[in-house]
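We name chains A, B, ... by the order of the sequence lines, and we start the count at 1 in each one. The structure presented is a predicted model; accordingly, all values stated were derived computationally and were not measured.
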Amino acid sequence: MIKITFPDGSEREYEAGVSGLDIAKSISSRLAKEVLACSVNDEVWDIARPIDCDASIKLYKWEDAEGKHAFWHTSAHLLAEALQELYPGVQFGIGPAIEQGFYYDIDPGDAVIKEGDLAKIEKKMLELASMKSELKRENISKEDALKLFGERGETYKCELIEELEDGQITTYTQGNFTDLCKGPHLPSTSPIKAIKLTSVAGAYWRGQEDRKMLTRIYGVSFPKKKMLDEYVVLMEEAKKRDHRKIGKELELFAFSERVGKGLPLWLPKGTALRLRLEDFLKRIQKRFGYDQVMSPHIGNKELYVTSGHYAKYGKDSFQPIHTPEENEEYLLKPMNCPHHCEMYAIKPRSYKDLPIRMAEFGTVYRYEQSGELHGLTRVRSFTQDDAHIFCTPDQVKDEFLAVMDIIFIIFNALDFANFEAQISLRDPNNREKYIGSDENWEKAERAIVEACKEKGLNARVETGEAAFYGPKLDFMVKDALGRRWQLGTIQVDYNLPERFNLEYTGTDNEKHRPVMIHRAPFGSMERFIAVLIEHTMGKFPLWLTPDQVAILPISEKYNDYAHEVARELDAVYEVRAIVDDRNEKIGRKIRDNEMKHIPYMLIVGEKEAENGEVAVRKQGEGDQGVLKVAAFGEKVAEEVRSMINKW
RNA sequence: GCUGUUAUAGCUCAGCGGUAGAGCACUUCCUUGGUAAGGAAGAGGUCCCCGGUUCAAGUCCGGGUAACAGCUCCA
């Protein structure tokens, strides 16, 4: 007998060799039906795998990430089995479960698998699933594994096996398909009832650009047909939030092939919104002791040679601008830091001057790979809400903490609750990739980790993800489709001050090197607004939204009154109002303006015009009763004030 | 940059070898209305660009360009 401990601490005895599934059965038949995976001593296992010794166990169902993971991992194997039948000779790469489904990377040889083939593969998968094949787990020696997969000509699998340790190698087999895999898996393919293969794309073998591009097939699967239908609806809903679609509908921004790809055009309403966001940050920065500066959009090539950026990115950037002078070259600025370093260097600095905080909404130009461009989230011309803090090494941590405060103020003001924080450290095994001394790197990395701890920020630590000049803390937010985008960033830099030979005189009357902190709470105006659009679906907060009020005259007879009200709201209360003076019925005007997500609608007709009143309607909530124009203006102004005063 | 997909009216899309279509938006007229689509008429297209096949090409083929999904990259 062995002792099994459950998550609530309770214990039960079972015969040795009992499986997770057996244990579930002993609890309830319903649980046995639903359980998909289990963890045994905190290691995720197949529910069919026998347990031989005392263990603590957790059972995972569809609702648990581990349960879904096993389900989708098995689905990936099912996909591979289908491909093996449909495309004899296909070679397999890897086929894992991912956040939302699974994929399999394959090399189909001479065959080409296109999107049009997915339906056929889906059908084959369902056919195979209905055979309810068991998945059999087997330990295999390295030698046997190499022989087995070698005979099948599976060069990718053999490459993986070569890197595994003998004794640690397992295979899973269902039907005629055997895969190198460490699991865990479902006991059989039978729970897989609904499958959708979502896309086919190229993916480099092992994620390395210089290796072969395999064909990757993505899919999702579910235990119930209804869940797939719900998923499809959810994806369609998510697409409606797409900032590219909403940005076009609300006329916030546009792209023009003639202007150039990746070069956004900010339309009046988008510009108004963006400027308001910039003012919001400027206000906060003023409070935190920042000075606003401005620098040109180009800089002499020598500036970037000095900064080191030219050596690293010169070839992949917009190429130099030539002047009538021979040998004179300028670059579109790819970042603002070197300009700010030169501003620091205009005169001798004392420790009494520090910290110096220079902020600039600086537009930069980066020649991003064409395949990387994506709406407003990845563009070739964008504006960073940039600032550089020059401080003494002792001030780094406090400055870092203050920047984190600014970021939290912004995220709170705009309801970005679900952000993730990531600390990016250098790869200690690849030090030549980075500029700067070991000592400085360690100092900087420690400051970041400590600052996060002090703020109680649960940040994921990634080694090897640092910028070449220093470690950083990034804030990531997901878009409508679950893709992660980096927004706010704080980066410590011991390198540029060195390269620009920046100094300050200390209390000891000696010259010292200041530390530089780069930071951008929004990241870029473009990307931030893109994510904001997807989060709000275009229903921006009252203080930010381009049009706060739409005035709807009942008939054309009241157009003059409507315009009068609009003028008064603007002039007296700084409330932004538009007038819908089309020759349409009131029901129509309400519908159209509701769909534009304008927070307030004012309906004005005979009664209102006579009494200097407006009939108020709130977006999504309907009729709110009648108010005097002044009372309404004051109400909206107050609502905006109360939002702004919170920051 | 790489793999795959797409490109028809301002927008969303149908048409897929034989004279370019729908809904919405737009213009004009009728209507002057009270809380989520009033009616009628009209205008609007280099079917992304360049080549090729064909008696005939939005439609088939090749090459560009741009967008979309993913990979790689992201100072």
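Comparing the same atom, P, in B:U5 and in B:G10 gives a spacing of 28 Å after rounding to whole Å. Annotation: B:C49 and B:U8 have their P atoms spaced 10 Å apart (nearest Å). Distance noted for atom C1' between B:G44 and B:A37: 23 Å (whole Å). To the nearest whole angstrom, the two C1' atoms, one in B:C11 and one in B:G18, are 30 Å apart. Comparing the same atom, P, in B:C13 and in B:C55 gives a spacing of 37 Å after rounding to whole Å. Rounded to whole Å, the separation between the P atoms of B:G21 and B:C47 comes to 14 Å. A gap of 31 Å separates the P atoms of B:A43 and B:C60, to the nearest Å. For the C1' atoms, the distance from B:G58 to B:G17 is 11 Å, rounded to whole Å.
The distance from atom CD of A:Gln100 to atom P of B:G70 is 13 Å, rounded to the nearest whole Å. Residue A:Asp107 contributes atom CG, which lies 14 Å from atom P of B:U3 at whole-angstrom precision. Taking atom CD on A:Glu115 and atom P on B:G70, their separation rounds to 12 Å, with Å as the unit. Atom CD1 of A:Ile106 is separated from atom C1' of B:G70 by 15 Å (rounded to the nearest Å). Straight-line distance from the CD atom of A:Glu209 to the P atom of B:C2: 10 Å, rounded to whole Å. Spacing between atom CZ of A:Arg258 and atom P of B:C49 amounts to 13 Å, rounded to whole angstrom units. If you measure from atom CH2 of A:Trp485 to atom P of B:C74, you get 14 Å, rounded to the nearest angstrom. Taking atom CD of A:Gln491 as the reference point, atom C1' of B:C74 lies 11 Å away to the nearest angstrom.
Base orientation of B:G58: syn (glycosidic angle within 90° of 0).
In this structure, A:Glu159 pairs ionically with A:Arg211, as a charged nitrogen and a carboxylate oxygen lie closer than 4.0 Å. Ion pairing of A:Glu99 with A:Arg484 is present here, as a side-chain N (NZ or NE/NH1/NH2) and a carboxylate O approach within less than 4.0 Å. The residues A:Glu249 and A:Arg241 are annotated as not salt-bridged, no charged nitrogen and carboxylate oxygen being separated by less than 4.0 angstrom. Of the charged side-chain nitrogens involved, none lies within less than 4.0 Å of a carboxylate oxygen, so that A:Asp547 and A:Lys596 do not count as a salt-bridged pair. With salt bridges taken as basic N to acidic carboxylate O contacts below 4.0 Å, none links A:Glu465 and A:Arg426. The pair A:Arg617-A:Asp623 fails the salt-bridge criterion, with no side-chain N (NZ, NE, NH1 or NH2) lying under 4.0 Å from an Asp/Glu carboxylate O.
The side-chain contact (heavy atoms from CB on, under 4.5 Å) search around A:Pro546 returns A:Leu252, A:Lys269, A:Leu273, A:Phe540, not counting sequence neighbours. In this structure, A:Arg499 has no salt bridge (Lys or Arg N to Asp or Glu O under 4.0 Å) partners at least two apart in sequence or on a different chain. Not counting sequence neighbours, A:Glu608 has no partner by the side-chain hydrogen bond (donor to acceptor under 3.5 Å, both in side chains) test. In this structure, the side-chain contact (heavy atoms from CB on, under 4.5 Å) partners of A:Ala76, at least two apart in sequence or on a different chain, are A:Phe102, A:Tyr104. Take A:Ala82 and apply the side-chain contact (heavy atoms from CB on, under 4.5 Å) test, not counting sequence neighbours, and it matches A:Ile121, A:Lys124, A:Met125, A:Leu128. A:Glu610 is linked by a side-chain contact (heavy atoms from CB on, under 4.5 Å) to A:Glu606, counting only residues two or more places apart in sequence or in another chain.
A stacked arrangement is not assigned to A:Tyr469 and the six-membered base ring of B:A75, the conditions of a centre distance below 5.5 Å and an interplanar angle below 30° not being jointly met.
For the pair A:Lys301 and A:Tyr310, the cation-pi test (distance below 6.0 Å, angle within 45°) is passed.
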For a salt bridge (charged side-chain N to carboxylate O under 4.0 Å, His left out) check, start with the C-alpha distance between A:Arg591 and A:Glu594, then their side-chain angles and the critical distance, and finish with the verdict. CA-CA 5 Å; A:Arg591 180 186 150 80; A:Glu594 281 281 347; over 6 Å; no

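A:Ala203 comes within 4.0 angstrom of sugar-phosphate atoms only, judged by non-hydrogen atoms across all strands, and of no base. Residue A:Lys312 is classed as having no contact, given no heavy-atom separation below 4.0 Å to the nucleic acid. A:Arg378 comes within 4.0 angstrom of a nucleotide base, judged by non-hydrogen atoms across all strands. Note on A:Arg483: only backbone sugar-phosphate atoms sit closer than 4.0 angstrom, heavy atoms only; bases stay farther off.
A:His374 has no side-chain polar atom (N or O) that falls below the 4.0 Å cut-off from OP1 or OP2 of B:A67. Residue A:Arg380 places none of its side-chain N or O atoms closer than 4.0 Å to OP1 or OP2 of B:C74.
Base pairing in RNA chain B gives the following stems of 3 or more Watson-Crick or G-U pairs, range against range and under 3.5 Å: B:1-7 with B:65-71, B:10-13 with B:21-24, B:26-30 with B:38-42, B:48-52 with B:60-64.
Pairs of residues two or more places apart, or lying in two chains, never qualify as salt bridge (charged side-chain N to carboxylate O under 4.0 Å, His left out) while including a residue from residues 380-389 of chain A.
Of all heavy-atom pairs between A:Tyr558 and A:Val604, the closest is CB-O, 4.0 Å. Between A:Val396 and A:Ile517 the shortest heavy-atom distance is O-CD1, 3.9 Å.
Of the N and O atoms on the side chains of A:Ser221 and A:Lys196, not one donor lies less than 3.5 Å from an acceptor on the other residue.
Nearest-nucleotide assignment on RNA chain B puts the 5′-proximal partner with A:Gly116, out of A:Lys245 and A:Gly116. Where A:Leu373 and A:Tyr204 meet RNA chain B, the nucleotide closest to each residue was compared, and A:Tyr204 sits on the side nearer the 5' end.
Counting only distance, with no hydrogens or angles, the side chain of A:Lys589 and the backbone of A:Pro553 share a donor-acceptor pair below 3.5 Å.
Contact check of residues 213-222 of chain A against RNA chain B (heavy atom, cut-off under 4.0 Å) returns A:Met213, A:Arg216, A:Tyr218.
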Enumerate all atom pairs, one protein N or O and one N or O from nucleotides 62-66 of chain B, separated by less than 3.5 Å.
from, atom 1, to, atom 2, distance (Å)
B:U65, O2', A:Glu257, OE2, 2.9
B:A66, OP1, A:Lys261, NZ, 3.2
B:A66, OP2, A:Lys261, NZ, 3.0

How would nucleotides 31-37 of chain B be written as a contact map, 5' to 3', with B for base contact, S for sugar-phosphate-only contact and - for no contact, using protein heavy atoms under 4.0 Å? BBBBBBB

Which nucleotides of nucleotides 42-47 of chain B have their base under 4.0 Å from a protein heavy atom (B), which only their sugar-phosphate (S), and which neither (-), written as one string 5' to 3'? ------

